[in-house]
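Below is one structure; the comments refer to it alone.
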Amino acid sequence: MDITVLFKISYGLYVVGCMDGDRPVGCTINTCFQVTSEKPILAISLNKNNYTLEAIKRNRRFSLSIIAEESDTSVIGQFGFCSSRNVDKYADYGYDVVAGAPIVKGVFAGRLILDALNFVDNETHVVVMARLIDTVKGEGTPMTYDYYHRVVKGKAPKTAPTYVESRDSVAQATAPAAKRKYRCNLCGYIAEFDGEMPEDYHCPICKVDSTQFTLVN
Ligand SMILES: Cc1cc2nc3c(=O)[nH]c(=O)nc-3n(C[C@H](O)[C@H](O)[C@H](O)COP(=O)(O)O)c2cc1C
């Protein structure tokens with residue numbers, strides 16, 4: 001079976017936010033779609049190992065921030081490659097609370113506030129069906145998953161439902177051989193330079209500094 005046909009399915013990118021007691025938690029997702037139009041219900045798919053799923057099971061109200069091409073791309077890595085179990089993902093960005101759900105500060109195409117209705121078990125992932133209860137207008141052009149891979153040159157971890165080894169593993173490097181390639185140890189981003197990596201360089205995806213990169217070639 002040619003798995004690359006799955007690359008033709010379009011997605012957006014979102015930050016899920018949920019209060020875990022008095023602490024905001026959340027994660028990056030690309031899996032969200034609208035299920036019904038009347039009193040809209042939406043669905044998201046969460047890996048069973050993700051702390052965000054545990055939090056939403058306890059406190060059913062959560063937010064989706066729709067990532068824009070104009071958003072700070074470091075949010076994607078910060079929320080997508082660390083776990084809220086041991087990291088305060090909001091520390092560098094700040095957050096507001098809208099109807100009981102945290103929304104990370106910054107430029108986003110819009111915000112949705114939802115209440116989880118039910119949880120559908122799908123082996124490694126759980127699909128959360130949720131009722132839309134409020135919206136906040138935003139700005140910018142919604143970022144597609146394709147744009148994230150093609151323009152931002154971002155990767156996804158194995159917990160993403162759409163993870164594909166050939167596309168998302170750090171082994172895949174697209175730079176011309178003459179360039180020096182450095183791989184981010186945290187998120188797998190490949191940075192290319194004509195010479196040495198500048199010392200003050202930071203990963204555009206997850207913000208770690210140049211000491212967290214490994215020379216690939
Ligand atoms: C681009 C991208 C897309 C992702 N999509 C999903 C997704 O749709 N569902 C999911 O469960 N995890 C997805 N992830 C992975 C989670 O964001 C990641 O496992 C995160 O560390 C979970 O954090 P938590 O433990 O605080 O919930 C994605 C990550 C990235 C970078």
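In each ligand, atom 1 is the first atom listed, and ligand 1 is the first ligand listed. For this chain, numbers begin at 1 and follow the sequence in order.
Remark: among candidates G154, C82, G77, the nearest residue to atom 20 (C) of ligand 1 is C82, based on non-hydrogen atoms. Comparing heavy-atom distances from atom 1 (C) of ligand 1 across Y148, Y163, F81, F79 singles out Y148 as nearest. One option in N30, D20, V25 has a heavy atom closer to atom 5 (N) of ligand 1 than any other, and that option is N30. Residue S83 holds the heavy atom nearest to atom 25 (O) of ligand 1 of all those in G188, P161, C32, S83.
Contacts between P157 and ligand 1, counted as non-hydrogen atom pairs separated by less than 4.0 Å, involve the side chain only. Only the backbone of K155 comes within 4.0 Å of ligand 1, judged by heavy-atom distances. Under 4.0 Å from ligand 1, not a single heavy atom of T162 appears.
Under the 3.5 Å distance criterion, the side-chain polar atoms of N86 are left unmatched by any main-chain donor or acceptor of S84. A donor-acceptor pair under 3.5 Å is absent between the side-chain atoms of R111 and the main chain of D134, judged by distance alone. In terms of modelled atom types and a separation under 3.5 Å, the side chain of H149 and the main chain of Y145 share a donor-acceptor contact.
The closest side-chain donor-acceptor pair between T52 and N50, if any, does not fall under 3.5 angstrom. Neither side chain, D146 nor Y11, offers a donor N or O lying under 3.5 Å from an acceptor on the other. Side-chain atoms of T162 and N30 include a donor-acceptor pair closer than 3.5 Å.
No side-chain heavy atom of M129 sits under 4.5 Å from any side-chain heavy atom of L42.
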Should Y90 and Q78 be marked as a side-chain contact (heavy atoms from CB on, under 4.5 Å) after you check the CA-CA gap, both sets of side-chain angles, and the distance that decides it?
-> CA-CA 9 Å; Y90 295 78; Q78 174 71 1; over 6 Å; no
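K207 forms a cation-pi arrangement with Y93, by the criterion of a distance under 6.0 Å to the ring centre and an angle within 45° of the ring axis.
Here is the list of ligand 1 atoms found below 4.0 Å of a heavy atom in L46: 11 (O). Residue N47 has at least one heavy-atom neighbour below 4.0 Å for each of these atoms of ligand 1: 10 (C), 11 (O).
In terms of polar-atom proximity, defined here as any N/O pair under 3.5 Å, S84 does make such a contact with ligand 1. Considering both main-chain and side-chain atoms, Y145 never comes within under 3.5 Å of ligand 1 through any nitrogen or oxygen pair. The distance criterion of under 3.5 Å between nitrogen or oxygen atoms is not met by N49 with respect to ligand 1.
Residue contact check for ligand 1: K89 places a non-hydrogen atom closer than 4.0 Å to it. By the 4.0 Å heavy-atom criterion, C187 is excluded from the residues contacting ligand 1.
Annotation: atom 10 (C) of ligand 1 to nearest protein heavy atom, N50 ND2, 3.4 Å. Nearest protein neighbour of atom 2 (C) of ligand 1, counting heavy atoms only, is T28 CG2, 3.8 Å.
If you take OG1 on T211 and CG on N185, they are separated by 8.5 Å, rounding to the nearest 0.5 Å.
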